[in-house]
Amino acid sequence: MNVSKTNYYSKENYNWDDIEPLPIDVEGVQVSQILYSDEYRQVLGLLRALQSQKEYSERALFITQEAIKLNAAHYTVWQYRYHNIIELGKDIEEELEWVEDIALDNIKNYQIWNYRQLLLKKQETPNPKKEFPLIQVMLDDDPKNYHVWSHRKWLVQFFNKYDEELPFVDYFIEHDVYNNSAWSHRFFTIFSQVEKSGKAITDEIFEEEVEYTKDQIKIAPQNVSSWNYLIGLYESSGKELSNLEEFVLTYANVLNEGSDLESLKSIPALEILIKIYSKSNKSLASKGYDLLSTKYDPIRKNYWEYQKKQITTV
Amino acid sequence: MSSASDLAKAQYLLKLLGKRRVQVTTEIEEDSSQFDLMIDMTENGTNFEEELLTATTEEQKRTEDTVKGIYDDLIEEGRVPHLLKDKHEKYLNAALGQLPPAFKGLDASQPWIYYWVINSMKLLQLEVSQDVKDQTARKLLGLQHKDGGLGGGVGQIGHAAATYAGTLALTLLEDEETWNKINRDQLYKWLLSIKQDDGSFVMHLGGEKDTRAVYCALVIASLFDLLTPELTKGTAEWLAKCQTYEGGFGGVPYDEAHGGYTFCGAAALVILGKDVFTKTINVEKLVKWTVVRQLRLEGGFSGRSNKLVDGCYSFWVGGLIPIFDIFLDHETASRAGLQNYILGCCQNEQMGGLRDKPGKYPDFYHTNYVLLGLTVVQNKFKSDDFTPYTISSEPSDHSVVSVEGCDKLDTINPIFGLPKGYAERFHSFFATKTK
Ligand SMILES: [Zn+2]
């Protein structure tokens, strides 16, 4: 297939005379064929031609920029750009700034984060000062963006810089106590450090976290994020859930004789209570599962029946 | 509670009383358990306390209101929704034609298009013409990169997800001549080249590492019968580290539990073997996380804690139900609830195609995964030896979910997301060669 080279790129003072763009498509009639614009076909065709002759040059760098502007999800282009940057000995700091602009225009794109990580790993003295503010901006715009949170975890580990993480998480939990990404980041902050230390979590940190989480549960007793975090804290620290009996009873005192079934404030609390009772009082625990499957949470009837079977047959 | 919402509640209850009468007096549907469940779902209402308004609860409330509106209308009409097969057929046929320039965003994901579209057609038991098969074969073979693997388009470097989707599409073509044209030795070397020392895989050389890349690599290796100890060393252990304190899987260790990554992590472990799945992760926590993804009013699944329902999680999360069928031998999530969401909320009634939620446009991706979710609803799965190629299914029990004949889809192999038989034939073709 012959791809034309109009004057579109001559304005950039790069000479393309020696380059024959390669086709970016197979020949002939195709199923689900994307109808590329001329511009797209031209840019990607030139890029493919340069890449296949392993050319690393200013014009190659330029063409990767044009291609990324047209389609930031094109992983091959990112790879090729990276090799150009390295082969040409480009200033990585400048390149990081260039990606920053692309990132802000393509907030859902995740090629960008992998690309930044490749660059940071290549730098002799990478600078965390630039990285963290960018994250803040992007999460303010999209507070549950999975790839941005993931990139932040990578940065924290890469720079071994944990000191700002709990305040950072607090900020997002204060805005929206249901933001599970923030809760997950909290768990990462506490337990990846514990893992690194090779020791168990200290009683002091454990107690602090329990108190913090209980305070958040008080605000929103049905919030699965804070309850999951609380259970995660207990399980990962090897502590007994039975210590929570008094706390969960304030939200789920519905199992004892004569209690008001309408007073339930939290299903996760009831579930913990049942877990505690399944060791000490199986009939109360069974009653709890019956209530969940018939009254409080019938969409999960199968699951609650399965749980009940587990405690009654073991 | 404000008097305004009291009034709304009273009006709703009045309306509902009327609806119940409709249901009793008109016998439109032969089976009403599905219908009764819909009433239960709308009555069970919200997933949140109403006093606290945050971005999360506001969005959730909006979604619930929309879905409730749809269910209320159906209840008023006294009917359950059905699968609009003719509409979806038209939508998929259009997908086989030419795609406008705006589709350039999928330029690096072209094998996905073939998988999504042809797979959806097969699930709907539609004929795929020889022309379409030939063109797809030619295109897929043209995506083999000289350094191994399939790229997302012509001239693009090998990519685990592109190769995965391309391989699934190849199985659907059922053409041994085409299968033979894949350079299997080179494929194996390429898989080794994206394998990492910690047991994980990256998507491509220099690319990102996550549970999706691991699942894609293992599916490719399994289907081509290339699953060696060399290739899978340390992989189960790495995957286990991706199971979070919530029970689902994240993309990498310590990432948030997420539907897509969870299916990939769990299905990858099943590919690695029965003992691997049951012994390297906390299955009970995985089950718990999965069932809690099902939303009370909507009946569909969300992908993460406190996120909204989305049709594609009918498979990324719902696809764990077959795995639990096999390993737990107990019903877990509500198949009937999921069916209500899929048939009631995920279909575009004008142009066909399936979608994330009401108000969104359909796309190829959601069409495939919502349909796969519907097959999960319609079938109960089992496997005597717990290997991915011996999974069988029988129609779901009528007491679990009522499936009308006109809604029936082909059953699947849930580990690969393919209609039953395709992965099995492809694998045995290459397994015979290995011997
Ligand atoms: Zn979706």
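Below, chains carry the letters A, B, ... as their sequence lines are ordered, and counting in each starts from 1.
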Between Ile219(A) and Leu52(B), the two heavy atoms sitting closest are CG2-CD2, 3.6 Å
So Phe188(A) and Tyr254(B), would you call those rings parallel, tilted or perpendicular, with 30° and 60° as cut-offs? perpendicular
Pro101(B) to Ser37(A) - nearest heavy-atom pair and separation: CB-N, 4.4 Å
Between Arg138(B) and Glu27(A) (side chain of the first, backbone of the second, donor and acceptor by atom type, cut-off under 3.5 Å), is there such a pair? yes
Which region of Lys285(B), side chain (C-beta onward) or backbone (N, CA, C, O), has a non-hydrogen atom less than 4.5 Å from a non-hydrogen atom of chain A, or is it both or neither? side chain
Atom group of Leu143(B) that falls short of 4.5 Å from chain A, counting heavy atoms: neither
For Ser150(A), does its backbone N or O pair with a side-chain atom of Asp255(B) as donor and acceptor, under 3.5 Å? no
Before you tell me yes or no, could you show the steps for Glu331(B) and Lys301(A) under salt bridge (charged side-chain N to carboxylate O under 4.0 Å, His left out), namely the whole-Å CA-CA distance, both residues' side-chain angles and the distance that decides it to 0.1 Å? CA-CA 9 Å; Glu331(B) 286 287 330; Lys301(A) 184 170 180 280; over 6 Å; no
Quick check: closest heavy atoms across Ala73(A) and Ala108(B), and the distance to 0.1 Å? O-CB, 3.6 Å
Which residues in residues 141-149 of chain A have any heavy atom lying under 4.5 Å from a heavy atom of chain B? Lys144(A), Tyr146(A), His147(A)
Checking heavy atoms, do the side chain of Val292(B), its backbone, both or neither come under 4.5 Å from chain A? both
When the 4.5 angstrom heavy-atom criterion is applied to Leu118(A) and chain B, the contacting part is side chain
Only pairs of heavy atoms separated by less than 4.5 Å count here; which of Gln51(A), Gln117(A), Gln111(A), Glu271(A) has the most with chain B? Glu271(A)
Is it the backbone or the side chain of Lys121(A) that comes under 4.5 Å from a heavy atom of chain B, or both, or neither? neither
Check Ser184(A) against Glu256(B) and note the closest heavy-atom contact, atom names and distance. OG-CG, 3.3 Å
Looking at Ile299(A) and Gly337(B), what are the two nearest heavy atoms and their distance? CD1-CA, 4.4 Å
Just checking, any donor-acceptor pair under 3.5 angstrom between side chains of Glu284(B) and Tyr306(A)? yes
At a 4.5 Å cut-off on heavy atoms, which part of Trp183(A) comes close to chain B: side chain, backbone, both, or neither? both
Mark yes or no for whether Asn114(A), through its side chain, and Gly206(B), through its backbone, hold a donor-acceptor pair below 3.5 Å. yes
Suppose we screen for side chain to side chain contact (heavy atoms under 4.5 Å, CB included). Which residues come up paired with Asp134(B), at least two apart in sequence or across chains? Gln130(B)
Does any backbone or side-chain atom of Phe364(B) lie under 4.5 Å from a heavy atom of chain A? Answer side chain, backbone, both or neither. neither
For chain B, which candidate among Tyr40(A), Trp304(A), Tyr296(A), Tyr303(A) shows the most heavy-atom pairs at distances under 4.5 Å? Tyr303(A)
Counting only non-hydrogen atoms closer than 4.5 Å, does Ala333(B) touch chain A with its backbone (N, CA, C, O), its side chain (CB onward), both, or neither? backbone
Could you check whether any side-chain N or O of Asn228(A) sits under 3.5 Å from a backbone N or O of Glu246(B), counting only pairs where one atom can act as donor and the other as acceptor? no
Under the side chain to side chain contact (heavy atoms under 4.5 Å, CB included) test, residues paired with Ile201(A) that sit two or more places apart: Ile190(A), Phe191(A), Val194(A), Ile205(A), Phe206(A), Ser237(A)
Any side-chain heavy-atom pair from Gln30(A) and Thr136(B) closer than 4.5 angstrom? no
Would you say Lys122(A) has more than 12 foreign heavy atoms packed within less than 6.0 Å of its NZ? no
Holding to side chain to side chain contact (heavy atoms under 4.5 Å, CB included), I want the full list of residues that pass it with Thr332(B), two or more places apart in sequence or in another chain. Val287(B), Val291(B), Ile321(B), Phe324(B), Leu328(B)
May I ask you to test the Tyr36(A)-Asp107(B) pair for a side-chain heavy-atom distance under 4.5 Å? yes
If we define contacts as heavy-atom pairs under 4.5 Å, which of Gly250(B), Gly155(B), Gly251(B), Pro253(B) has the most with chain A? Gly155(B)
Min side-chain heavy-atom separation Val154(B)-Arg48(A) under 4.5 Å: yes
Which one wins on heavy-atom pair count under 4.5 Å against chain B: Asp297(A), Thr76(A), Leu35(A)? Leu35(A)
Please check if the side chain of Ser32(A) supplies one atom and the backbone of Ile113(B) the other of a donor-acceptor pair under 3.5 Å. no
Under the 3.5 angstrom rule, does the side chain of Arg304(B) hit a backbone N or O of Ser181(A) as a donor-acceptor pair? no
Between Leu205(B) and Gln79(A), is there a side-chain heavy-atom distance shorter than 4.5 Å? no
Looking at Asn71(A) and Lys104(B), what are the two nearest heavy atoms and their distance? ND2-O, 3.0 Å
Test your reading of the model: is there a side-chain donor-acceptor pair from Gln98(B) to the backbone of Gln33(A), 3.5 Å cut-off? no
Among the listed options Ser236(A), Ala72(A), Ser266(A), Pro298(A), the residue most often paired with chain B at heavy-atom distances under 4.5 Å: Pro298(A)
Leu233(A) versus chain B, the contacting section by heavy-atom distance below 4.5 Å: neither
Classify the side-chain pair Asn306(B)/Asn223(A) by whether it contains a donor and acceptor separated by less than 3.5 Å. yes
Under 4.5 Å between any side-chain heavy atoms of Glu208(B) and Tyr110(A), yes or no? yes
Given the options Leu44(A), Val31(A), Val29(A), which has more heavy-atom pairs under 4.5 Å with chain B than any of the others? Val31(A)
Note, Tyr75(A) side chain near Gln156(B) side chain (heavy atom, < 4.5 Å): yes
